[in-house]
Amino acid sequence: MINMETKKDILNRLFVENNLTDEDVFKHKFYNIITRSGIDKIMAANNIKISYNLEYNSIDCKCIIIKAKATMGDKSIETYGEASPSNNQNSYPVAMAEKRAMSRACLKLAGFYEHQVFGEDEAEAFKRSNNQ
């Protein structure tokens, strides 16, 4: 039997399964964005475990690449988070790269990423505006 779930049905199911509320998700242009607290809920609901490795740190400590290795049951994934002056406006690039790696790993394992749902930490452009 073919699964006839629409993208909207799938996302609604994922939101319910992961205990997400309207406060955890917002629309940004073409994408749905999950907040930091939403990422934490997804991690808890799926018992996602993540370890990190600093892959690159520039001499001036402004360009950072962090690799995340994450598991969810028998599924695992490796992905990266990066921060540099061109994509990060704050003064803590290591923490930002870690947050980006965490968001990507979590959303990929839990099935959100393939439906164009991203974490708010993944890009400066994904921050919630004041009118949302």
Side-chain angles (χ1 to χ4, degrees):
M1 185 170 161
I2 297 174
N3 184 355
M4 299 302 288
E5 260 186 322
T6 66
K7 179 179 175 178
K8 183 177 179 179
D9 293 336
I10 293 167
L11 290 177
N12 284 335
R13 179 176 46 76
L14 287 171
F15 293 157
V16 169
E17 289 173 356
N18 289 280
N19 304 311
L20 299 176
T21 66
D22 289 343
E23 294 174 355
D24 300 316
V25 181
F26 62 94
K27 192 79 167 160
H28 181 272
K29 294 183 183 176
F30 311 108
Y31 309 112
N32 287 307
I33 306 298
I34 304 284
T35 64
R36 165 93 264 122
S37 62
I39 297 294
D40 292 340
K41 286 181 179 182
I42 294 167
M43 287 182 66
N46 293 283
N47 197 28
I48 294 174
K49 304 293 183 204
I50 305 175
S51 63
Y52 304 94
N53 189 53
L54 179 62
E55 295 288 306
Y56 177 77
N57 184 359
S58 63
I59 293 172
D60 63 1
C61 296
K62 292 183 179 180
C63 296
I64 308 294
I65 300 172
I66 291 188
K67 179 195 251 182
K69 293 182 180 180
T71 59
M72 182 179 85
D74 62 350
K75 292 170 56 176
S76 64
I77 192 166
E78 292 182 8
T79 191
Y80 296 87
E82 70 288 330
S84 72
S86 66
N87 67 16
N88 179 43
Q89 303 305 313
N90 63 48
S91 60
Y92 42 93
V94 174
M96 184 51 67
E98 179 187 17
K99 288 178 186 181
R100 289 175 176 170
M102 176 193 299
S103 290
R104 290 177 184 144
C106 179
L107 293 173
K108 286 179 179 185
L109 278 174
F112 286 89
Y113 223 71
E114 64 194 78
H115 299 290
Q116 296 182 313
V117 177
F118 303 103
E120 73 175 333
D121 294 323
E122 290 190 73
E124 291 292 316
F126 288 171
K127 296 295 180 192
R128 186 189 301 251
S129 69
N130 290 336
N131 60 359
Q132 290 180 318

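Positions are given from 1 along the sequence. Small disclaimer: the values here were computed from a predicted structure and weren't measured. Values below: every heavy atom of this structure, side chains too, minus hydrogens, waters and symmetry copies.
- Under the side-chain hydrogen bond (donor to acceptor under 3.5 Å, both in side chains) criterion, Asp9 pairs with Thr6, not counting sequence neighbours.
- Applying the side chain to side chain contact (heavy atoms under 4.5 Å, CB included) test to Asp60 and every residue at least two apart in sequence or in another chain returns Ser58, Lys62.
- Residues forming a salt bridge (charged side-chain N to carboxylate O under 4.0 Å, His left out) with Glu55 (at least two apart in sequence, or on another chain): none.
- The distance from atom CG of Asp121 to atom CE of Met102, rounded to the nearest 0.5 Å, is 8.5 Å.
- Under a hydrophobic clustering in which Ile, Leu, Val, Met, Phe, Trp and Tyr are joined whenever their side-chain heavy atoms come within less than 4.5 Å, directly or via other members, Ile10 and Val117 fall into the same cluster.
- Taking the salt bridge (charged side-chain N to carboxylate O under 4.0 Å, His left out) definition, one finds that Lys41 meets it with Asp24, sequence neighbours left out.
- Interatomic distance, CD1 of Ile42 versus CZ of Phe112, reported as 4.0 Å (0.5 Å rounding).
- Met96 and Asn88 get closest at one heavy-atom pair: CG-OD1, 3.6 Å.
- Using a 4.5 Å heavy-atom cutoff, the side chains of Leu107 and Glu122 are in contact.
- For Tyr52, there are no side-chain hydrogen bond (donor to acceptor under 3.5 Å, both in side chains) partners, not counting sequence neighbours.
- Ala95 is linked by a side chain to side chain contact (heavy atoms under 4.5 Å, CB included) to Tyr92, counting only residues two or more places apart in sequence or in another chain.
- Shortest non-hydrogen contact noted between Ile33 and Gly119 is CG2-C, 3.9 Å.
- Legend: residues meeting side-chain hydrogen bond (donor to acceptor under 3.5 Å, both in side chains) with Ser86, ordered by chain and number and at least two apart, are Ser84.
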I'd like a table of donor-acceptor pairs (distance under 3.5 Å, sequence neighbours excluded) in which one partner is a side-chain atom from residues 71-80, with atom names and distances.
residue	atom	partner	partner atom	Å
Lys75	NZ	Leu109	O	2.9
Glu78	OE1	Lys67	NZ	3.3
Thr79	OG1	Lys108	NZ	3.3

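- For NZ of Lys7, the number of neighbouring non-hydrogen atoms (other residues, nucleotides, ligands) closer than 6.0 Å is greater than 12.
- Taking CD from Glu98 and OG from Ser103, the interatomic distance works out to 10.5 Å, rounded to the nearest 0.5 Å.
- A distance of 10.0 Å separates CG in Leu11 from CD in Gln116, rounded to the nearest 0.5 Å.
- The shortest heavy-atom contact between Leu14 and Ala110 is CD2-O, 3.5 Å.
- Residues passing the side chain to side chain contact (heavy atoms under 4.5 Å, CB included) test with Ala97 are Ile64, Ile66, Ala83, sequence neighbours excluded.
- Taking the salt bridge (charged side-chain N to carboxylate O under 4.0 Å, His left out) definition, one finds that Asp40 meets it with Arg36, sequence neighbours left out.
- For Ser51, the side chain to side chain contact (heavy atoms under 4.5 Å, CB included) partners are Lys69, not counting sequence neighbours.
- With rounding to the nearest 0.5 angstrom, the CG atom of Asp22 is 9.5 Å from the CZ atom of Phe15.
- The CD1 atom of Ile39 sits 8.5 Å away from atom CG of Leu20, with the distance rounded to the nearest 0.5 Å.
- The salt bridge (charged side-chain N to carboxylate O under 4.0 Å, His left out) check on Glu82 picks up Arg104, with sequence neighbours excluded.
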